[in-house]
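Step one of this worksheet: look at the structure below.
Labels below follow one simple rule: chain letters A, B, ... track the order of the sequence lines, proteins then strands, and each chain is numbered from 1.
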Amino acid sequence: MAKSVIVGMSGGVDSSVAALLLKKQGYDVTGLYMLNWEETDGRGVCSADADYADVQRVCGALDIPFYSVNFAKQYLDRVFSYFLSEYRAGRTPNPDVLCNREIKFGPFRDYALSMNADYIATGHYCGIEHGDGRTRLLKAKDAGKDQTYFLNQVYERQLERVLFPLAGLTKSEVRKLAEDNGLSTAEKKDSTGICFIGERNFRKFLQEYLPAQSGKILTLDGETVGEHIGLMYYTIGQRKGLDLGGKRGEEGRWFVVKKDLERNVLYVSHGDETPLYSKACRASGLNWIGYMPSQSFECAAKFRYRQPEQSVKVTLDDSGALVEFYEPQRAVTEGQYAVFYDSEACLGGGVIESVIY
RNA sequence: UGGGGUGUCGCCAAGCGGUAAGGCACGGGAUUUUGAUUCCCGCAUUCGUAGGUUCAAAUCCUGCCACCCCAG
């Protein structure tokens, strides 16, 4: 009897092709759509409806059954509340990292497996290797789309019975497959923005949930150069949105280099980006996937998505880890994740608690 | 109300008689399952203002206005 798999389908091309491939491989495939954010845009149009319609179309074309589930409550409690509290604390959270552990590989996976599926699958660009009682998370073949960064906090046991059909494909191959098989999502634009919430005016969005407190913008020398509209709207290394123009006698751009929550001051630097470069950081909430770290070891790391890997030395201690950089790193930011790699394997990661300059 | 200086896009800033560089900001787009970064495109018929000289002025002349500095 064929093994059964439930595919998390978003209505995008990636999960469409994931379902397609599994079906071709002989699995008994069922599509499952997740609704995690209940809101319409300004015009009263709910993009989730359109996405679900795409799921229906694709599943129809593949001739597989499909259902939908609603985890909006869980998303709010376990991802969005964290998102807001991090911003309140002046940090720059990465909700999509938690979304994977707390939703997709949490309630969603549990739900799917409770429907007696043998496996669950998603359209993530990453690889997975099951064997000798351990599961390893691997980078995708398409380095430019690799999404292991977002999975660094997923517990190893949550990856059991998980399939990633897109592991060996590039994005263009995926689109080609969709097209060749007549899937309506073949040309659909890649989704961006916060997962499930989508792309939107970030400031306006945050404004709906958090009170903004304007304050001064100072240089590191203490010179007042402008006014900010609320520290939460800025992140380290940012240059857009400062509304700061030219400076007498100098050429260059302004960058956010520091936030002072206590005094509600945003610090900026003009031209000179050296204040953005740090030599180490502290990470906590460490999660290891298919890996048993020794007390101290060297590996590669990324401090944000879509950044080249860097050589680092990791030293574990009671409260987390000290991550030392061999090369100074630009704009390492509290709230983002330090994710560790050993050649093709994603070892896991932790949230950046503090940065050492 | 004596002397000197400066007034060019929101901010810096070229130009110094030949028909408005550039950077920053800002807007739009590309990239991107966070927020950023990065990349591309756009962005002064007009040079504080009113006259004058000239074929031609932001550039020369004159008045006025504003700001700055030094003297009072």
Figure out the NE2/P separation between A/H270 and B/A13, and round it to whole Å. 11 Å

Expressed as a whole number of angstroms, how long is the span from A/L276:CG to B/G35:C1'? 15 Å

Note: for A/Y149 and A/E273 on RNA chain B, the residue whose nearest nucleotide lies more 5' is A/Y149

Look at the rings of A/Y27 and A/Y119 and say which category their plane angle falls in: under 30° parallel, 30 to 60° tilted, over 60° perpendicular. perpendicular

Identified pairing partner of B/G17, criterion: Watson-Crick or G-U wobble below 3.5 Å: none

Taking B/A25, B/U37, B/U34 as options, the one with an atom nearest any side-chain atom of A/D243 is B/A25

Please identify each residue that fulfils ring pair (Phe, Tyr, Trp, His ring centres under 6.0 Å) with A/F303, with sequence neighbours left out. A/F325

Atom NZ of A/K247 to atom P of B/C11: distance rounded to whole Å? 17 Å

Among residues 328-336 of chain A, which ones have heavy-atom contacts with RNA chain B below 4.0 Å? A/R330, A/T333, A/Q336

d(CZ, A/F205; P, B/A36) in whole Å: 13 Å

Mind listing the side-chain donor-acceptor pairs of residues 313-321 of chain A below 3.5 Å, one per line with the distance, residues two or more places apart or on another chain?
| unit_1 | atom_1 | unit_2 | atom_2 | d |
| --- | --- | --- | --- | --- |
| A/D317 | OD1 | A/R282 | NH2 | 3.1 |
| A/D317 | OD1 | A/S319 | N | 3.0 |
| A/D317 | OD1 | A/S319 | OG | 3.4 |
| A/D317 | OD1 | A/G320 | N | 3.1 |
| A/D317 | OD2 | A/R282 | NH1 | 3.0 |
| A/D317 | OD2 | A/R282 | NH2 | 3.3 |
| A/S319 | OG | A/R282 | NH2 | 3.0 |

Those residues of residues 215-240 of chain A lying under 4.0 Å from RNA chain B by at least one heavy atom: A/T235, A/G237, A/Q238, A/R239, A/K240

pair A/L276-A/V256: side-chain heavy atoms closer than 4.5 Å: no

Between CG of A/N94 and P of B/U33 the distance, given in whole Å, is 12 Å

Does B/G2 pair with anything, Watson-Crick or G-U wobble, both distances under 3.5 Å, and if so, with which nucleotide? B/C70

Check every strand shown and say whether A/H124 touches a base, only sugar-phosphate, or nothing at a heavy-atom separation below 4.0 Å. base

d(CZ, A/F83; C1', B/U33) in whole Å: 13 Å

Note: for A/R304 and A/F255 on RNA chain B, the residue whose nearest nucleotide lies more 5' is A/R304

Counting any heavy atom closer than 4.0 Å, what does A/G241 reach on the DNA or RNA strands: base, sugar-phosphate only, or nothing? sugar-phosphate

Identity of whatever pairs with B/G7 - Watson-Crick or G-U, under 3.5 angstrom: B/C65

Pair up each side-chain donor or acceptor in residues 177-184 of chain A with any protein partner under 3.5 Å, not counting sequence neighbours, and list the distances.
| unit_1 | atom_1 | unit_2 | atom_2 | d |
| --- | --- | --- | --- | --- |
| A/D180 | OD2 | A/K176 | NZ | 2.9 |
| A/N181 | OD1 | A/K24 | NZ | 3.1 |
| A/N181 | ND2 | A/L177 | O | 2.8 |

Look through every strand shown and name the nucleotide pairing with B/U54 as Watson-Crick or G-U wobble, where both distances are under 3.5 Å. none

Will you find, in the side chains of A/Y341 and A/T148, an N or O donor that is under 3.5 Å from an N or O acceptor? yes

How many Å lie between CZ on A/R91 and C1' on B/A36, as a whole number? 16 Å

Does the side chain of A/Y125 come under 3.5 Å of the side chain of A/D14 through a donor N or O and an acceptor N or O? yes

For a 4.5 angstrom cut-off between non-hydrogen side-chain atoms, does A/E173 reach A/K141? yes

Which of the following nucleotides, B/G35, B/U32, B/C24, is nearest to the side chain of A/Y305? B/U32

Return the nucleotide paired to B/U38: Watson-Crick means purine N1 to pyrimidine N3 with N6-O4 or O6-N4, wobble means G-U with N1-O2 and O6-N3, both under 3.5 Å. B/A30

When you compare the side chains of A/Y33 and A/Q56, does any donor N or O come within less than 3.5 Å of an acceptor on the partner? no

Using a distance-only test with no angle check, is there a side-chain donor-acceptor pair under 3.5 angstrom linking A/T274 and A/D272? yes

Using the C1' atoms only, state how far B/G7 lies from B/U59, rounded to an integer number of Å. 14 Å

Would you mind classifying the nucleic acid contact of A/N100 as base, sugar-phosphate or nothing, using non-hydrogen atoms under 4.0 angstrom? base

Can you identify which nucleotide, out of B/U32, B/U33, B/G35, has its nearest atom closest to the A/T92 side chain? B/G35

Within residues 151-180 of chain A, residues whose heavy atoms come under 4.0 Å of RNA chain B: none

Tell me whether the OP1 or OP2 atom of B/C24 has a side-chain N or O from A/R253 closer than 4.0 Å. yes

Please state the C1' separation for the pair B/G48 and B/U8 - nearest whole angstrom. 10 Å

Think A/R306 forms a cation-pi with A/F150, using NZ or CZ under 6.0 Å from the six-ring centre and within 45 degrees of its axis? no

In this structure, is the centre-to-centre distance between the rings of A/Y155 and A/F105 below 6.0 Å? no

Measure from CG on A/L84 to P on B/U34 and round the result to the nearest Å. 18 Å

Quick check, are the ring centers of A/W288 and A/F297 under 6.0 angstrom apart? yes

